[in-house]
K.L.:
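Sharing a structure here in structure tokens format.
Counting starts at 1 for both ligands and their atoms, following the listed order. When a residue number appears, it is its place in the shown sequence, counting from 1. Worth knowing before you read on, the calculation uses all heavy atoms, side chains too, and leaves out hydrogens, waters and symmetry mates.
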Amino acid sequence: MITRDSYRQIELYAPDRSPCATDLSDNTNLWGVPPQAAQALRDAGASAVTRYPSLYASQLKEALAERAGVTANMVVTGCGSDDVLDSAIRAFTEPGDRVAVPDPSFAMIPIFARMNGLEPVLVPLSGGTALDADAMLATAARVIYLCTPNNPTGNLLDANDVARVVRDAPGLVIIDEAYIDFAGGDARDLLNSSDRLLICRTMSKAYGLAGLRVGYALGAPELVAEVEKSRGPYKVNSLAERAALAALREDEAWVRAHVAEAMTNRQRLGDELRARALAPLPSAANFLLLPVSDAVGVASRLRARGVAVRPFVDLPSIGDALRISVGPWEMMQAFLDAFDEATCS
Ligand SMILES: *Cc1c(COP(=O)(O)O)cnc(C)c1O
């Protein structure tokens, strides 16, 4: 075989994505596309298709920088934040280096580590949800990845623990804020004190543009320049850049309104589940993690009733659980109805 040894442990990312009437499995914006972003796509001329996009999405960087209160040379974009994460991990490591990842957390990170010839080191979250700063630092990994609010648990990591990891880490620290819009607060202050910190964000969740693949990171200019080298040119396509610009410039009120509704419905869904004597984890994201026994069985019975959620098996300190995206209340009600049927014995 001509295949690469280190790729044997990598499998294709293949969660069940077969169409389902109510899809609560991937935490995207279930209210739809921001209206001005949709308009920008309709208005795009032929050159958005026939010409190459800008090399490093300079206009988008300007708009993201303005929104984040940093300069444009502190922003790097990518084809989804997946691309930014992959590029960042590659930019600051040599093959064989280690990448420390909390467990459970974003499932793609160990995969990106292996894709780049690196060794993922899983560090359990204390009690299933709390960052163990000492254990993360003890790995001495070249890259430490943190996700807050954490996917799939939904909780924010303790800000003091995060700050300590950023202060004492020997290499790059990535803070993935894919869900920060639903939480309030963020880690931007830490950028003032660290030139080894990248804060990764995405327009796939609150901004409703998952299909267009737009992600970005904030960090010191020298750091960002290295990620851009690793990422390469033309990664944000022209249509994606136009829609993202329109969303940032003209859809802020729409995004804020639906973030607020998501937070209201998150509370209400949690109340409904607690009324059924269940114990969803406290969430600062647009999803809830609900411990259940036999998550795969429950998820497949839900799917048979037209509702898709993401099952997790045997999470450390948590056990089996379902991750349920929060969206318009009709969808939450559809989930509750299907769940009641799927779990009545
Ligand atoms: C969804 C998600 C991403 C991926 O976002 P894209 O920009 O769509 O690639 C990154 N990190 C976490 C934690 C996510 O849940």
Side-chain angles (χ1 to χ4, degrees), residues 13 15 17 23-30 33-34 37 57 60 64 75-90 99-113 115 120 122 125 129 131 143-157 162 173-183 186-187 198-218 227 231 235-237 239-241 243-244 247-248 255 259 262 266 281 283-289 308-310 312 315 321-327:
Y13 186 63
R17 282 276 185 273
D23 189 342
L24 310 179
S25 70
D26 60 12
N27 308 333
T28 48
N29 190 323
L30 295 167
V33 192
L60 181 57
L64 290 165
V75 182
V76 53
T77 62
C79 178
S81 59
D82 280 2
D83 183 32
V84 180
L85 291 162
D86 176 41
S87 304
I89 288 169
R90 180 167 55 249
V99 179
V101 190
D103 186 24
S105 194
F106 187 39
M108 289 306 297
I109 303 302
I111 300 174
F112 291 142
M115 281 165 59
L122 297 183
L125 290 169
T129 57
L131 175 62
V143 177
I144 293 181
Y145 170 88
L146 305 175
C147 182
T148 182
N150 187 49
N151 178 5
T153 54
N155 61 292
L156 280 166
L157 302 180
V162 171
V173 177
I174 297 172
I175 301 180
D176 187 338
E177 291 189 338
Y179 300 99
I180 200 67
D181 300 280
F182 305 98
D186 61 52
L198 268 185
I199 298 176
C200 263
R201 298 201 182 149
T202 178
M203 298 194 72
S204 295
K205 307 287 161 60
Y207 281 83
L209 302 181
L212 293 175
R213 315 300 303 122
V214 182
Y216 62 101
L218 312 175
V227 180
R231 186 207 82 153
K235 290 299 171 71
V236 177
N237 75 67
L239 291 170
E241 183 168 15
L248 289 164
V255 170
V259 163
R266 172 178 80 199
L281 273 61
S283 172
N286 66 338
F287 57 84
L288 287 180
L289 190 72
V309 298
R310 185 72 174 272
F312 289 85
L315 295 172
L322 302 176
R323 194 190 63 197
I324 307 145
S325 305
V326 172

K.L.:
Counting N and O atoms only, with roles assigned by atom type, does the side chain of R323 sit under 3.5 Å from a partner on the main chain of S25, one being a donor and the other an acceptor?
P.N.:
yes
K.L.:
Got the closest protein heavy atom to atom 5 (O) of ligand 1, with its distance?
P.N.:
S81 OG, 3.0 Å
K.L.:
Between N286 (side chain) and N27 (backbone), is there a donor-acceptor pair under 3.5 Å?
P.N.:
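Yes, N286 side chain to N27 backbone: donor-acceptor pair under 3.5 Å.
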K.L.:
Just wondering, do F106 and D82 contact through their side chains at under 4.5 Å, heavy atoms?
P.N.:
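Answer yes - side chains close enough.
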K.L.:
Among protein heavy atoms, which sits nearest to atom 15 (O) of ligand 1, and what does the distance come to when rounded to 0.1 Å?
P.N.:
Y179 OH, 2.6 Å
K.L.:
Can you name the atoms of ligand 1, numbered from 1 with element, that are less than 4.0 Å from a heavy atom of C147?
P.N.:
13 (C)
K.L.:
Do me a favour and list the nearest non-hydrogen protein atom to atom 12 (C) of ligand 1 with residue, atom name and distance?
P.N.:
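Of the protein heavy atoms, D176 OD2, 3.4 Å lies nearest.
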K.L.:
Please check if any side-chain donor atom of S325 sits under 3.5 Å from a side-chain acceptor atom of R310, or the reverse.
P.N.:
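Short answer, no.
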K.L.:
Distance-only, no hydrogens or angles: does the E241 side chain make a donor-acceptor pair with backbone N or O of L60 under 3.5 Å?
P.N.:
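Answer holds: yes.
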K.L.:
Run the numbers for me: atoms of ligand 1, each under 4.0 Å from some heavy atom of K205, listed by number.
P.N.:
1 (C), 2 (C), 3 (C), 14 (C), 15 (O)
K.L.:
In terms of atom number and element, which parts of ligand 1 are under 4.0 angstrom from non-hydrogen atoms of T202?
P.N.:
5 (O), 6 (P), 7 (O), 8 (O)
K.L.:
Quick one: does R266's side chain have a donor or acceptor within less than 3.5 Å of a partner on F182's backbone?
P.N.:
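Side chain of R266 to backbone of F182, a donor-acceptor pair under 3.5 Å: yes, one is there.
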K.L.:
Check ligand 1 against S204 and write out every atom of the ligand that is under 4.0 Å from a heavy-atom position of the residue.
P.N.:
6 (P), 7 (O), 8 (O)
K.L.:
For T148 and L157, indicate whether the former's side chain and the latter's backbone hold a donor-acceptor pair under 3.5 Å.
P.N.:
yes
K.L.:
Does ligand 1 have any atom that is closer than 4.0 Å to a heavy atom of R213?
P.N.:
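Judged by the 4.0 Å heavy-atom criterion, R213 does count as contacting ligand 1.
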K.L.:
Would D82 count as a polar contact of ligand 1, with the cut-off being nitrogen or oxygen pairs under 3.5 Å?
P.N.:
yes
